[in-house]
Number of protein chains: 2
Amino acid sequence: MARTSDPNAKVDLLRAAEAVFVERGLDHAKVEEITARAGKSKGAFYLHFESKEDAFRQIVETTLARLAACLDGGEAMQVAAVAEGPALLEALLDHDVEVFEFLWQNRALIRLLGGGGGSASFSYLVEEFAERCRGAVRRTIAWSAERGIVRPGLDVDLVSRILSGAYDQVARHVVRAQRKPDLRRLLGEVQHLFMHGIGGPAVRESDRPVRNASKTVVGRGRGGARTERRARPRKKEPARS
Amino acid sequence: MARTSDPNAKVDLLRAAEAVFVERGLDHAKVEEITARAGKSKGAFYLHFESKEDAFRQIVETTLARLAACLDGGEAMQVAAVAEGPALLEALLDHDVEVFEFLWQNRALIRLLGGGGGSASFSYLVEEFAERCRGAVRRTIAWSAERGIVRPGLDVDLVSRILSGAYDQVARHVVRAQRKPDLRRLLGEVQHLFMHGIGGPAVRESDRPVRNASKTVVGRGRGGARTERRARPRKKEPARS
DNA sequence: TGGATTATTGACTGGCCGGTCAGCATGGCG
DNA sequence: CGCCATGCTGACCGGCCAGTCAATAATCCA
């Protein structure tokens, strides 16, 4: 051996790459810009990564893995596992806050991912992850239903989709904010909203309550419970954040 | 004059371009693939468009404009303007259905837009549009509050964000579905969910009701009403669909 | 210090593709 | 039929940039 390799090289490159990807998106990121920022040469980059895409994948996968760990690990979930009633809600809120804290820390990259990863390829990564999130939500709901936290007869599949979507939107908002929002307050309001609805006096149970409530099963695919149509105003939005 | 130009050329090219953009994303779409599918030459393409990006912009802008018209026009809104109580909810639901019908018709392109448009540039287009949607939602909510459809004291800004997000998610789901879902049923359930919440017996107003409810103003930015934190389970999700 | 060994560099290559334009095709007209 | 105006074509040009590798620098050891 004659010369010892720079142990920081890969880390530096990853950091620089993340910055450039965030700024330009995968397709428009130039390897030379990455290496310039890292103070390395182009050759050094290919010493550590197969290709530009490889670097991108490494960054995304690492972050998603950490986020996933945060999602279904975390001490708040330990507490939630044994809590009851309001304390349970509080524990679940703690968990939400943990997750969003992570999102805030990694907001630049999360923002990029929210925008399709800056390349048409790779969206599958994000989609898989989103699906995983929805799975976690669904489990939490099914489990909450058993404990009387949410009313029975809900279409778990649909509810989880809606909840994921709502939190997704909140996440996108947080991740773009200039100043860090009060996450606990924000998430608390979201939780409150979903628990109690937004209905006013004019709709006080004007709706027939849940009618049949077939199964509430978790099996995604076919919808479980079926209330009927009728409910609440709103527009829509097809695009991202 | 000696030769008459093909009057379908531009339409054919736009159709082909849309297909290719949907398949590959803007950055990876090749002009030659577009022209091949349209049965035209590369030159013909540049006879009608400044550049590849120009064609993309035309397609996106046209679609978003039509969607916008669908969003805040539509006969269902006429009805809603004079309806009361449950009939109003029904009218708003009709409107939702109209919008989602449009989304379904244009699902391929909408799917692309949801994924960031296949290019890091251009996401601003989609973002602007999303913001516009949120504005529409906010107006609907504020207006519904006046009629007692939703309870007073809600943080309109936050609620609109959450609703947009939830519907966004539903839209993404619809747009990817293999078979056309029963839109009316789906949207009806969403409406019902939001109006009545998902809370079960264990949380029956365990929450103190809205406490102060500062203003409920529309001025986004500072949150209006402030209940406290406490509420409901869930995970989170940072990415798209 | 000199030479061996390994890390690092950055000029260069090759392929790709957006955009151009000289020339060909088409069809009207005298 | 020959001529012209106009539209359409697709081979070509040039820029860009991912990825390579011969040359060079750094470090170790004797």
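- Going from atom OG of A:Ser41 over to atom CD of A:Glu32 covers 10.0 Å, rounded to the nearest 0.5 Å.
- Here C:dG18 presents its P atom at 14 Å from CZ of B:Phe56, a figure rounded to the nearest Å.
- Of the candidates D:dC8, C:dG19, D:dC28, the closest approach to any side-chain atom of B:Lys42 belongs to C:dG19.
- Residue-level contact check: A:Ala36 touches neither bases nor backbone, having no heavy atom under 4.0 Å from any strand.
- The separation between A:Phe45 atom CZ and D:dG19 atom P is 8 Å, rounded to whole Å.
- Under the 30°/60° scheme for interplanar angles, the aromatic rings of A:Phe56 and A:Phe21 are found to stand perpendicular.
- At the heavy-atom level, A:Lys30 lies under 4.0 Å from the strands shown only through sugar-phosphate atoms.
- Counting heavy atoms from C-beta outward, B:Lys10 and B:Leu14 have side chains that approach closer than 4.5 Å.
- One atom, NE2 of A:His28, and another, P of D:dA18, lie 11 Å apart when rounded to the nearest Å.
- Note: CG (A:Leu13) to C1' (C:dT8) measures 12 Å, nearest angstrom.
- Of all nucleotides listed (C:dT8, C:dG19, D:dG10), C:dG19 comes nearest to the side chain of B:Lys52.
- Checking A:Gly39 against A:Glu32, the closest nucleotide of DNA chain C that is more toward the 5' end is the one next to A:Gly39.
- Note that CZ of A:Arg134 is 5.0 Å distant from CD of A:Glu131, once rounded to the nearest 0.5 Å.
- Atom CG of B:Leu26 and atom P of C:dC17 are 14 Å apart (whole Å).
- Taking atom CG of B:Asp6 as the reference point, atom C1' of D:dC8 lies 10 Å away to the nearest angstrom.
- Sequence order on DNA chain D of the closest nucleotides to A:Gly43 and A:Val31 puts A:Val31 first from the 5' end.
- For the residue pair B:Thr63/B:Asn106, the side-chain donor-acceptor check at 3.5 Å is not satisfied.
- If you take CG of B:Asp27 and P of D:dA18, they are 13 Å apart, rounded to a whole angstrom.
- Distances from the side chain of A:Tyr46 to the nucleotides D:dG19, D:dC8, C:dG18 place D:dG19 closest.
- In this entry the distance linking CD of A:Glu33 with P of D:dC17 reads 10 Å, nearest Å.
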